[in-house]
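To keep things clear, I will list the structure first and then write my remarks on it.
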Amino acid sequence: MFTHTCTACERTQLIFMSQVTGVSGSGDDAAATFNCWCGATQSTGLPLFGRTAQTRVAA
C-alpha cells in the first residue's frame, strides 16, 4: 500500500494493492496504474530496491 494525492479529487488517499490495475517498469523504476477511491484512474512512479520517490511506499 502507498499514499497518493489524486489529480481529480485532490485528496491524499491510502491506495491498497487491490486498487492497482497494472504495473510496468524497467531497471530501477516502476510505474503503477490504479483507481483512486473517487473512481479516477491514476498512475505514479514507485521506487524499487529501497530508493525514495515522491510516493511513499508502506511495508
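All figures in this text were calculated on a predicted structure; none of them were measured in a lab.
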Using the side-chain hydrogen bond (donor to acceptor under 3.5 Å, both in side chains) rule, collect all pairs that involve residues 15-24, keeping only residues at least two apart or in two chains. none
Can you tell me how far OG1 of T3 sits from CG of L14, rounded to the nearest 0.5 angstrom? 7.5 Å
Going by side chain to side chain contact (heavy atoms under 4.5 Å, CB included), name the residues that satisfy it together with [X], two or more places apart in sequence or in a different chain.
| X | value |
| --- | --- |
| T5 | T12 |
| Q42 | H4, C6, T7, F34, C36, A40 |
| S43 | T33 |

Can a donor-acceptor pair be found, under 3.5 Å and without considering hydrogens, that links the side chain of W37 to the backbone of R11?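 No; zero donor-acceptor contacts below 3.5 Å.
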